[in-house]
Amino acid sequence: MCGRSRCTLRADDIPRACNRTGAPVRTVNMDSYRPSYNVAPGSNLPVVRRADGSDVDGFLLHSMKWGLIPSFTNKTDKPNFYKMFNARSESISEKASFRSLLPKSRCLVAVEGFYEWKKDGSKKQPYYIHFKDGRPMVFAALYDPWENSEGEILYTFTILTTSSSSALQWLHDRMPVILGNKESTDTWLNGSSSSKFDMMLKPYEDSDLVWYPVTPAMGKPTVDGPECIKEIQLKTEGKNPITKFFLRQKIKEQESNLEEKSLFDESVKISPVKGLKEEDPIKEMKVEQESDLEQKNSCDKSDEGSQPKRVKHEPVTADDTGIQSFFKKGDDNKVKSSAYMLPNEETAKKQTKQGDEEFVADIKSGPDRRDKLDTILVKKKGNIKDGGGNQPTLFSYFGKK
């Protein structure tokens with residue numbers, strides 16, 4: 001599709017652009033031509049055509065209205081130049097509006113470039129397409145005269161289109177038929193074989209066709225001037241406010257993850273053993289207290305089962321001196337260990353005195369008890385705590401006697 005173009009060429013440059021240099025060229029209605037950066041249907045553009053009834057060397061530079069009004073249109077109808085400003089080259093031999101024009105009403109349209117819009121949802125972005133070296137491009141076209149109700153003859157034309165080239169398919173599915181050399185322009189103007197036309201009406205695939213985005217303001221036909229072809233920088237998606245918001249959120253999440261990972265790495269480095277988890281100090285203290293309580297209960301139960309009935313337990317006070325381990329042989333002939341809290345000094349004295357009295361009673365009972373003296377002395381010596389020389393013993397008792 002081609003709905004806008006740029007044509008700021010001078011009148012004498014147009015025949016040369018169409019490779020019409022060796023033959024005389026007459027001008028028709030060229031005073032209506034106005035060079036423009038934004039030519040829309042309904043505007044006047046110069047076209048090159050064969051002169052009526054002349055030989056092959058006779059050509060005209062004729063300013064015509066862009067937008068075909070077929071000659072069979074009712075004279076009283078208001079012309080609509082936007083209805084047929086383009087014609088599909090694939091069907092020109094089939095449609096009545098173009099079929100009659102193909103044998104003798106072919107022409108060339110020279111412009112410097114054309115505009116095409118890229119659709120993006122409800123938005124349309126225009127692009128300016130031209131030759132890289134800046135030379136004019138020539139389109140294949142058809143023209144037809146129409147007479148209105150006032151008897152005025154109006155010449156109009158339509159630009160032929162074809163499927164888009166491989167390089168421009170991203171932009172639009174149609175493009176104008178570009179005749180890129182003298183052979184093709186000569187064939188279109190002078191040829192008579194429709195088979196040759198089919199060979200020319202193809203997409204332009206050469207790499208010298210370039211494009212760039214321009215201001216959307218040129219979408220209005222009233223906007224004209226060099227600003228229409230000035231290249232602009234398109235806004236990227238990252239500059240959209242909504243996109244920026246989500247982009248910032250993503251960056252914050254990434255920074256947070258990196259910070260957590262950094263703290264984890266530092267804790268692993270501080271730990272003395274690789275992979276060792278730090279213990280909770282409160283939990284550790286609780287476990288120690290429970291362990292102490294279990295040990296104390298074990299001691300109490302051991303005391304109740306192993307202490308002789310004749311020994312009276314005194315409550316454990318701050319004067320207690322420590323813990324003594326002793327062994328008891330049970331019924332299962334296994335040695336069991338338990339902890340016993342030593343009584344204080346007063347309790348020890350009572351036990352010693354009671355033992356001495358029993359011993360004296362045994363001595364007085366007769367000589368047959370002397371046999372047990374050695375055994376009793378050994379037992380008493382093992383059970384009585386040394387009081388640093390002040391604790392009375394059996395030997396000191398007999399010495400007093």
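These numbers come from a predicted model, not from an experiment.
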Exercise: identify the closest heavy-atom pair between [X] and [Y]:
X      : Y      : answer
Lys104 : Tyr143 : O-OH, 3.9 Å
Val223 : Ala217 : CG2-O, 3.3 Å
Asp144 : Ser71  : OD2-N, 2.8 Å
Ala110 : Cys18  : CB-SG, 4.0 Å
Ser5   : Trp66  : OG-CZ3, 3.9 Å
Gly3   : Phe85  : CA-CE1, 3.6 Å

What is the distance from atom [atom1] of [X] to atom [atom2] of [Y], rounded to the nearest 0.5 Å?
X      : Y      : atom1 : atom2 : value
Asp206 : Ile178 : CG    : CD1   : 9.5 Å
Cys2   : Phe139 : SG    : CZ    : 4.5 Å
Lys118 : Leu171 : NZ    : CG    : 7.0 Å
Leu160 : Arg88  : CG    : CZ    : 11.0 Å
Leu154 : Lys65  : CG    : NZ    : 7.0 Å
Leu60  : Thr27  : CG    : OG1   : 8.5 Å

| task | Indicate yes or no: does Asp120 engage Lys123 in a salt bridge with an N to O separation below 4.0 Å. | result | no
| message | So, using ring-ring contact (aromatic ring centres under 6.0 Å, His included) as the criterion, who are the partners of His130 when residues are at least two apart? | response | Tyr128, Tyr212
Do [X] and [Y] have side chains that approach each other closer than 4.5 Å (heavy atoms only, starting at C-beta)?
X      : Y      : answer
Glu112 : Leu9   : yes
Leu189 : Leu108 : yes
Cys228 : Arg6   : no
Glu205 : Ser166 : yes
Ile229 : Tyr115 : yes
Tyr204 : Met137 : no
His172 : Ser164 : no
Phe157 : Leu68  : no

| request: Name all residues meeting the salt bridge (charged side-chain N to carboxylate O under 4.0 Å, His left out) criterion together with Asp133; count only those two or more places apart in sequence or in a different chain, and write none if there are none. | output: Arg135
| query | Would Asn19 and Thr185 satisfy side-chain hydrogen bond (donor to acceptor under 3.5 Å, both in side chains), going step by step from the backbone distance to the final call? | reply | CA-CA 7 Å; Asn19 301 304; Thr185 56; 3.2 Å; yes
| said: Under the side chain to side chain donor-acceptor pair (under 3.5 Å) definition, can you give me all pairs with a residue in residues 90-102, not counting sequence neighbours? | reply: Glu90-Arg174
| Qualifying side chain to side chain donor-acceptor pair (under 3.5 Å) pairs with a residue from residues 32-47, counting only residues at least two apart or across chains | Arg4-Asn38, Asn29-Ser32, Ser32-Ser63, Ser36-Asp224
| field | Check: Trp188 side chain, Leu179 main-chain N or O, donor-acceptor pair, under 3.5 Å | value | no
| field | Any donor-acceptor N/O pair, Ser89 side chain to Thr161 backbone, under 3.5 Å | value | yes
Without placing hydrogens or testing angles, list every side-chain donor-acceptor pair under 3.5 Å for residues 76-84, not counting sequence neighbours.
unit_1: Thr76; atom_1: OG1; unit_2: Asn74; atom_2: OD1; d: 2.9
unit_1: Asn80; atom_1: OD1; unit_2: Tyr82; atom_2: N; d: 3.1

| task | Write out all pairs satisfying salt bridge (Lys or Arg N to Asp or Glu O under 4.0 Å) with one or both partners inside residues 148-169, taking only residues at least two apart or from two chains. | result | none
| query | In terms of the angle between their ring planes, are Trp170 and Tyr127 parallel, tilted or perpendicular, with boundaries placed at 30° and 60°? | reply | perpendicular
